[in-house]
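One structure is given here, and the rest of the page talks about it.
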There are 2 protein chains.
Amino acid sequence: MKQSNPDPYTDLAYSIHAVGARATPARMRALAALRHAAQPLSHADIEAELSAERMPLIDRVTLYRVLDWLTEVGLAHKVVDFHGVFRFSANTPDAKHTQHAHFRCTDCGRVTCLDEPVPALPHLPRGFRLARVELDIQGECADCVASH
Amino acid sequence: MKQSNPDPYTDLAYSIHAVGARATPARMRALAALRHAAQPLSHADIEAELSAERMPLIDRVTLYRVLDWLTEVGLAHKVVDFHGVFRFSANTPDAKHTQHAHFRCTDCGRVTCLDEPVPALPHLPRGFRLARVELDIQGECADCVASH
DNA sequence: CACTAAACGCAACTTGGTTGCATTTGATAT
DNA sequence: ATATCAAATGCAACCAAGTTGCGTTTAGTG
Ligand SMILES: [Mn+2]
Ligand SMILES: [Mn+2]
Ligand SMILES: [Zn+2]
Ligand SMILES: [Zn+2]
């Protein structure tokens with residue numbers, strides 16, 4: 001368990017060891033991809049990125065398992081997009097991405113983080129227990145509206 | 001274009017003719033299923049229901065096309081659930097289902113309509129155009145929490 | 001360096017959804 | 001009533017995303 005990097009967040013192996021697990025290449029590379037991404041990535045997105053890095057290929061099943069595992073241990077966040085495809089994002093230490101909503105442009109496909117906080121939920125009937133909430137907002141971004 | 005039923009909403013053929021299209025068995029039966037449903041139904045749900053009615057079977061491709069068509073003309077509403085599966089609900093004339101959120105129990109799978117209105121959205125950056133919003137709330141319902 | 005639980009790679013499979021095309025049919029016009 | 005034809009259907013083949021089972025490899029530990 002070497003401690004290479006002084007910043008615990010940017011050190012991939014450190015982050016993985018921190019949840020008590022083995023820091024394998026597949027996990028580190030997938031997590032790196034998520035951390036450098038500007039938007040939530042699909043399995044296909046990540047597979048494409050990883051195979052561009054000229055390194056040994058990671059099996060697609062392994063990648064599915066790694067992504068679900070990252071989600072399980074809280075290093076990533078999993079949501080389903082409007083096409084029914086799962087997308088993953090890195091959970092920053094302060095969990096920024098869970099605190100705000102995302103806007104997806106139907107034209108160019110870009111995802112914009114909305115800076116305002118997610119609105120308060122309608123409160124649940126007595127006895128109900130909340131697990132998670134997903135808020136997806138779809139439309140056209142300013143660029144696409146302008147260029148019509 | 002016979003006008004059999006005095007209530008235009010409960011008359012399936014009427015509703016379909018009203019959007020200028022042919023009232024076929026597949027369309028009427030699918031729409032009926034959605035209108036009688038207490039929750040949004042998946043393609044598989046509807047297929048099961050339709051094949052229980054002892055009538056000629058409707059091809060699965062036709063059902064996919066009918067559901068997307070109903071959505072296109074505004075007779076139905078299409079959303080994607082937490083598993084990435086599309087679910088459809090009938091659009092009542094006053095569009096009730098678009099005005100409130102749904103709670104899905106991870107245990108028993110039941111969907112509960114939350115009576116409170118959907119909270120106000122975070123407002124969008126200048127120039128953005130909103131098309132649709134999807135709010136999904138997941139957790140355990142009171143029954144499942146009680147029976148642990 | 002040896003050990004072993006944990007992770008990986010591969011093949012096969014499943015589910016949900018789509019495409020192309022030949023055949024049938026609902027509504028209209030005669 | 002019947003002919004007509006765009007619109008809708010049925011079928012076969014295909015695709016994309018995700019899962020399961022199992023034998024092999026490997027990260028971390030002593
Ligand atoms: Mn964000
Ligand atoms: Mn799918
Ligand atoms: Zn755009
Ligand atoms: Zn329940």
Side-chain angles (χ1 to χ4, degrees), chain A residues 1-4 11-31 40-51 55-73 75-76 78-88 109, chain B residues 1-4 11-31 40-51 55-73 75-76 78-88 109:
Chain A
M1 198 199 271
K2 59 171 173 277
Q3 182 167 332
S4 44
D11 187 333
L12 298 165
Y14 181 93
S15 305
I16 292 168
H17 288 149
V19 300
R22 286 166 53 174
T24 68
R27 284 173 177 177
M28 297 205 289
R29 291 169 65 195
L31 182 55
L41 302 178
S42 68
H43 174 276
D45 292 339
I46 299 168
E47 202 171 35
E49 265 192 48
L50 295 190
S51 49
M55 295 200 205
L57 292 179
I58 290 171
D59 185 76
R60 32 178 252 104
V61 176
T62 300
L63 182 55
Y64 275 115
R65 293 198 269 231
V66 162
L67 292 171
D68 281 335
W69 178 85
L70 287 171
T71 303
E72 220 176 275
V73 300
L75 288 169
K78 180 183 190 174
V79 298
V80 58
D81 71 15
F82 279 105
H83 303 309
V85 174
F86 294 118
R87 296 190 167 265
F88 300 84
Chain B
M1 198 198 271
K2 59 172 172 273
Q3 182 167 335
S4 44
D11 187 333
L12 298 165
Y14 181 93
S15 305
I16 292 169
H17 288 148
V19 299
R22 286 166 53 175
T24 67
R27 285 173 177 176
M28 298 205 288
R29 291 169 65 195
L31 183 55
L41 301 179
S42 67
H43 174 277
D45 292 339
I46 300 168
E47 203 172 35
E49 266 194 46
L50 295 190
S51 50
M55 296 201 205
L57 294 178
I58 290 170
D59 185 77
R60 35 179 247 105
V61 176
T62 300
L63 182 55
Y64 275 116
R65 292 198 270 231
V66 162
L67 292 171
D68 281 335
W69 177 85
L70 287 171
T71 303
E72 219 175 276
V73 300
L75 288 169
K78 181 182 189 175
V79 297
V80 58
D81 70 15
F82 278 107
H83 304 309
V85 174
F86 294 118
R87 295 190 167 266
F88 300 84

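Proteins come first, then strands; the chains are lettered A, B, ... in the order of their sequence lines, and each starts at number 1.
- Looking only at side-chain heavy atoms (C-beta outward), B/Asp68 and B/Phe86 stay at 4.5 Å or farther from each other.
- Across all their heavy atoms, B/Val80 and A/Gly84 have their closest contact at CG2-CA, 3.5 Å.
- An angle of 30°, rounded to 10°, separates the two end axes of the helix from C/dC1-D/dG30 to C/dT30-D/dA1, each defined over five pairs.
- Within residues 18-25 of chain A, the residues approaching DNA chain D are A/Arg22, A/Ala23, by heavy-atom distance under 4.0 Å.
- Legend: residues meeting salt bridge (Lys or Arg N to Asp or Glu O under 4.0 Å) with A/Arg29, ordered by chain and number and at least two apart, are A/Glu53.
- At whole-Å resolution of the value, NE2 in B/His83 and C1' in D/dT19 are 14 Å apart.
- Between atom CZ of residue A/Phe88 and atom CD1 of residue A/Ile46 there is a gap of 6.5 Å, rounded to the nearest 0.5 Å.
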Do any side-chain atoms of residues 56-63 of chain A form donor-acceptor pairs under 3.5 angstrom with protein atoms, and if so which ones, sequence neighbours left out?
residue, atom, partner, partner atom, Å
A/Asp59, OD2, A/Val61, N, 2.9

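- Using a 4.0 Å heavy-atom criterion, one finds that A/Ala44 contacts no nucleic acid atom at all.
- Atom CD1 of B/Ile16 and atom P of D/dA7 are 17 Å apart (whole Å).
- Near DNA chain D, defined here as any heavy-atom distance below 4.0 Å, the residues from residues 58-69 of chain A are A/Arg60, A/Val61, A/Tyr64, A/Arg65, A/Asp68, listed numerically.
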Donor-acceptor contacts, no H, no angles, side chain residues 20-27 of chain A, under 3.5 Å, sequence neighbours left out:
residue, atom, partner, partner atom, Å
A/Thr24, OG1, A/Arg27, N, 3.3
A/Arg27, NH1, A/Arg22, O, 2.9

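- In this structure, the side chain to side chain contact (heavy atoms under 4.5 Å, CB included) partners of B/Asp45, at least two apart in sequence or on a different chain, are B/Leu41, B/Ser42, B/Arg87.
- Nearest heavy atoms, B/Trp69 versus B/Leu75: CZ3-CD1, 4.5 Å.
- For A/Tyr64, the ring pair (Phe, Tyr, Trp, His ring centres under 6.0 Å) partners are A/His43, not counting sequence neighbours.
- Between the CD atom of A/Glu47 and the C1' atom of D/dA16 there is a distance of 12 Å, given to the nearest Å.
- Put simply, NZ on A/Lys78 and CG on A/Leu67 are 8.5 Å apart, with the number rounded to the nearest 0.5 Å.
- At least one side-chain nitrogen or oxygen of A/His17 sits closer than 4.0 Å to the OP1 or OP2 atom of D/dG28.
- When rounded to the nearest whole Å, the span between NZ of B/Lys78 and P of C/dG16 equals 14 Å.
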